[in-house]
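Right, one structure below, let's go through it.
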Amino acid sequence: MRFLLVLFAVLAWLQFPARAQAAATVLLPAAQEKALSQYRLDGWQIEQGLPQNAVAALLHTSDGYLWVGTLGGLARFDGARFTTFDASEFAEIASQPVLGLMQDAQQNLWIGHNKGAAIYRDGKFRQVFSAGPLGDQRVWAFAQAPDGAVWAATSSGLLRWDKGAVKHYREADGLPTDRLRALAFDRDGVLWIASSGGGLVSFKDGRFHALTPDNGFPICRCARYWPTRPAACGRPRLAADWRASTAARSRSTRWPTACRPTSLPA
């Protein structure tokens, strides 16, 4: 928990330098480098306006706000104070876990929560994945395809949303498991999906392919994609939980040199 709060503080400082410095100025001698421990770190908890102390998702949007998904609701941070949202504005996220956040090319904020997914735009919330296709399940993450469609990783399979039309992919369609946690597109348009128990899954030309210990991938459980620059092989980098990271470091067979050991295989 302490690590999450420190991480949050660093992100807030980096994302909102002007506003953060207005609240507390840090003066550094010119041309003198400082260690991270020498910078001021601020932490925010319930007492400072967070709806809950456990942070599950962070997103810096193009309008300058930092959106925070917690296990007790959604908050928006302007560098000085939090704005929270109550049941009168959108009951599905009031005091409920918010698990995933994404801003699409049309500037819509996508919000994954315990009962589906919603869009926030122009000060209003709108539910986009209903209980029908999801069965009231959790939405963990989003990714927008080059064609504009939005894909969602949920606890009951993979969803594709395109102008209101929803397609649902499950184990019967080729997924190794319905329990998905994260997803991202690479530069070739391949969708990579991190699953809980089914390994790392790619989706291309309507077909799923799972990478598991049976065919060279070191682990079965993948937790997150880290939004950094692509590796030399052009694939997005994979950041799994500590078990996956340990396994990947200890095993380098069957991985191309440009992507070894924590990037996606070619």
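The first residue of the sequence shown is numbered 1, and numbering continues consecutively from there.
At least one side-chain heavy atom of L158 sits under 4.5 Å from a side-chain heavy atom of L180. With a 4.5 Å cut-off on side-chain heavy atoms, H168 and R170 count as touching. Counting heavy atoms from C-beta on, the side chains of W192 and V201 never come closer than 4.5 Å. Side-chain contact between I111 and I119 is absent, with no heavy-atom pair separated by less than 4.5 Å. At least one side-chain heavy atom of Y169 sits less than 4.5 Å from a side-chain heavy atom of W151. Inter-residue side-chain proximity for V190 and F203 is flagged as unmet; no heavy-atom pair is nearer than 4.5 Å. Inter-residue side-chain proximity for R76 and L74 is flagged as unmet; no heavy-atom pair is nearer than 4.5 Å. Using a 4.5 Å cut-off on side-chain heavy atoms (C-beta onward), V166 and L159 make contact.
Separation of atoms CG (L66) and CZ (F82) is listed at 7.5 Å; rounding is to 0.5 Å. For the atom pair CZ (R126) and CZ (R121), the distance works out to 10.0 Å, reported to the nearest 0.5 Å. Separation of atoms NE2 (H113) and CG (L99) is listed at 9.5 Å; rounding is to 0.5 Å.
Looking only at atom types and distance, the side chain of Q45 has no donor-acceptor partner in the side chain of Q52 under 3.5 Å away.
With sequence neighbours excluded, no residue forms a side chain to side chain donor-acceptor pair (under 3.5 Å) with D162. D147 is linked by a salt bridge (charged side-chain N to carboxylate O under 4.0 Å, His left out) to R160, counting only residues two or more places apart in sequence or in another chain.
Among all heavy-atom pairs drawn from A182 and A141, the shortest one is CA-CB, 3.8 Å.
The aromatic ring centres of F90 and Y120 sit 6.0 Å or more apart. Between W44 and F77, the ring center distance clears the sub-6.0 Å criterion.
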Q. Would W110 and W161 satisfy ring pair (Phe, Tyr, Trp, His ring centres under 6.0 Å), going step by step from the backbone distance to the final call?
A. CA-CA 12 Å; W110 289 75; W161 183 94; 5.1 Å; yes
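In summary, of the residues considered (V139, T70, I93), a side-chain contact (heavy atoms from CB on, under 4.5 Å) with V98 occurs for I93 alone.
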